[in-house]
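Order of appearance sets the numbers: ligands from 1, and atoms from 1 within every ligand.
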Amino acid sequence: MAQYSKGLEGVIAAETKLSFIDGEKGILEYIGIPIGELASHSTFEETVYLLWNGRLPKKDELAAFNDQIRSRYALSKDIAKLVLEMPKTGEPMHVIRTLVSALGVFDSKPNAIDLPSVRDKALTVLAQTPTMLAYYQHHRKGTPIVPPDTSLSLAENFLYMLNGKKPTPTMAKALDVCLVLHTDHGLNNSTFSARSVISTESDLYSALTAAIGSLRGPLHGGANEGVMKMLSQIPTVDAAEAFIQDKLAKKDKIPGFGHRVYKSYDPRAKYLKVLAKQLAEDTGNKDLYEKSARIEGVMEREKAAKGIYPNVDFYSATTYHCIGLPLDLFTPMFVVGRVGGWSAHIIEQLADNRLFRPSVDYTGPHDVRYTPISER
Ligand code: ACO
């Protein structure tokens, strides 16, 4: 007899060689390499190569991979036109979901799911998601579009396109580290969506579009925006304690805390905390970091015994703010990083596919007589 598990908690629905999580010990590894090692020494592009190939690249392999990504930064005329036709009032998560889907419309072979084709398409999405977001940002603000610069890394180029000037090495590095930390994370909700869609032998664009829709939710990647909104509602550092206590008394969930898998400190949050502190000091946003630290202190006293700690979204909010990203680009930034992980999972799923088709426990009535409309 199949066991019912609400929210599929504890259910193993796939095998993966990509990322390993030990939620009790707070461990995250990509292909066996601890996340802290990658955040300290790797780059986003190298991390994606690692996930797509199951090993770190040699020097010439990494150079070739970087070239492949950079050569695809520029949008086709059709996609660039479509970005400029998007309503300026759109939410960037809806816009990027639509544009990733549109990439499939303009692909002459969107349905090809052989490995080389999927990798090729995934490279385009990886390279162009930042360009589409930067173009949309200029479009809605009415500022001049800044075309991509292929001499720059993905993180540098995104900030360059967004701000019209090359970022400082500190800012580019901070964004790159954020992307590394967000690249993959087991069978999280959006990755499950991607794997579920591709398991029908659909196509990469449909799987990524579904994943973006899933990531947007405030219980998942949308929480980073929730954290920033909460921080801006708290007027001073000293007001943080009462604000959180009030929310907890109302049984509200605090965005950026808790996780289905981690019952100890999320190792990504540990890393982002250090990054957020440094950036907040460098950019005159000390208050923001101190409010966050104060909230963490309250939550530790009130909720750590229940295994509720900061998750990846908590300190990424301060980090993105200090990098200068507008609030509604926080979750789209998560998309940019996670395209690497989603694509790796799509490739892995296709290599050993079985249609996802769980069962439901029917709890409704039986044998109900059809009532004609005149008798209802
Ligand atoms: N603040 C206060 N209490 C919390 C929080 C929180 N952030 N998260 C969980 N709890 C409490 C719940 O109220 C519940 O308490 P109870 O047992 O007294 O009813 C208990 O902890 C278990 O919570 P669930 O929601 O059942 O745990 P679940 O595993 O389903 O939830 C989730 C995980 C959705 C992430 C939850 O912790 C949450 O809503 N957090 C806030 C949103 C958030 O930060 N999401 C981002 C997650 S990371 C990511 O997806 C990238």
Begin from the C-alpha positions of Arg338 and Asn188 and carry the test side chain to side chain donor-acceptor pair (under 3.5 Å) through to its verdict. CA-CA 11 Å; Arg338 195 51 68 85; Asn188 59 85; 3.2 Å; yes
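- Distances from atom 7 (N) of ligand 1 to the protein include at least one heavy-atom value under 4.0 Å.
- Scanning all protein heavy atoms for the shortest distance to atom 40 (N) of ligand 1 gives Phe257 O, 2.8 Å.
- A salt bridge is defined here as a Lys NZ or Arg NE, NH1 or NH2 lying under 4.0 Å from an Asp or Glu carboxylate O, and Glu290 with Arg294 fails to meet this definition.
- Pairs passing the ring-ring contact (aromatic ring centres under 6.0 Å, His included) check and including a residue from residues 205-243, sequence neighbours excluded, do not occur.
- Aromatic ring pairs are classed by plane angle as parallel below 30°, tilted from 30° to 60° and perpendicular above 60°; the pair Phe334 and His182 is perpendicular.
- At the shortest separation from atom 50 (O) of ligand 1 among protein heavy atoms lies His220 ND1, 2.7 Å.
- When atom types are taken as modelled, the side chain of Asn285 and the backbone of Cys322 share no donor-acceptor pair closer than 3.5 angstrom.
- Within the 4.0 Å heavy-atom criterion, neither part of Phe314 lies near ligand 1.
- Nearest protein heavy-atom contact of atom 25 (O) of ligand 1 is Lys253 NZ, 2.6 Å.
- Ranking the protein heavy atoms by distance from atom 43 (C) of ligand 1 puts Ala223 CB, 3.5 Å first.
- Proximity of Pro218 to ligand 1 is established by a heavy-atom distance of less than 4.0 Å.
- In Leu219, the parts holding a heavy atom less than 4.0 Å from any atom of ligand 1 are both the side chain and the backbone.
- Interatomic distance, CD1 of Ile96 versus CE of Met132, reported as 4.0 Å (0.5 Å rounding).
- For atom 32 (C) of ligand 1, the nearest protein heavy atom lies 4.0 Å away or farther.
- Contact annotation: for Asn188 versus ligand 1, there are no heavy atoms closer than 4.0 Å.
- For Tyr262 and His185, the ring centers are positioned less than 6.0 Å apart.
- On a distance-only criterion, Pro255 and ligand 1 share no N/O pair closer than 3.5 Å.
- Protein heavy atoms are absent from the space less than 4.0 angstrom from atom 19 (O) of ligand 1.
- Here ring-ring contact (aromatic ring centres under 6.0 Å, His included) pairs that include residues 36-63, with residues two or more places apart or in two chains, are Tyr49-Phe65, Trp52-Phe65.
- When each atom of ligand 1 is checked for a heavy atom of Asp313 under 4.0 Å away, the hits are 46 (C), 48 (S), 49 (C), 51 (C).
- Ligand 1 has no N or O atom lying under 3.5 Å from any N or O atom of Lys303, backbone or side chain.
- Taking the six-membered ring for Trp and the full ring otherwise, Phe257 and Tyr309 have centroids separated by 6.0 Å or more.
- Protein heavy atom at the shortest distance from atom 28 (P) of ligand 1 is Arg260 NE, 3.6 Å.
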Side chain to side chain donor-acceptor pair (under 3.5 Å) between Glu225 and Thr331: does it pass, once the steps are laid out? CA-CA 7 Å; Glu225 290 183 22; Thr331 315; 3.0 Å; yes
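- With hydrogens left out, the protein atom closest to atom 17 (O) of ligand 1 is Lys306 NZ, 2.9 Å, a heavy atom.
- One distance of note links CE of Met333 with CG of Asp328; it measures 13.0 Å at 0.5 Å rounding.
- The nearest heavy-atom contact from the protein to atom 21 (O) of ligand 1 is Ile308 CD1, 3.2 Å.
- No side-chain donor from either of Gln128 and Thr124 sits under 3.5 Å from a side-chain acceptor of the other.
- Looking only at side-chain heavy atoms (C-beta outward), Val48 and Val339 stay at 4.5 Å or farther from each other.
- Close contacts of ligand 1 with Phe334, meaning ligand atoms under 4.0 Å from a residue heavy atom, involve 51 (C).
- Ranking the protein heavy atoms by distance from atom 1 (N) of ligand 1 puts Ile254 N, 2.9 Å first.
- Only the side chain of Val312 comes within 4.0 Å of ligand 1, judged by heavy-atom distances.
- Residue Gly256 approaches ligand 1 through these ligand atoms, each under 4.0 Å from one of its heavy atoms: 43 (C), 44 (O).
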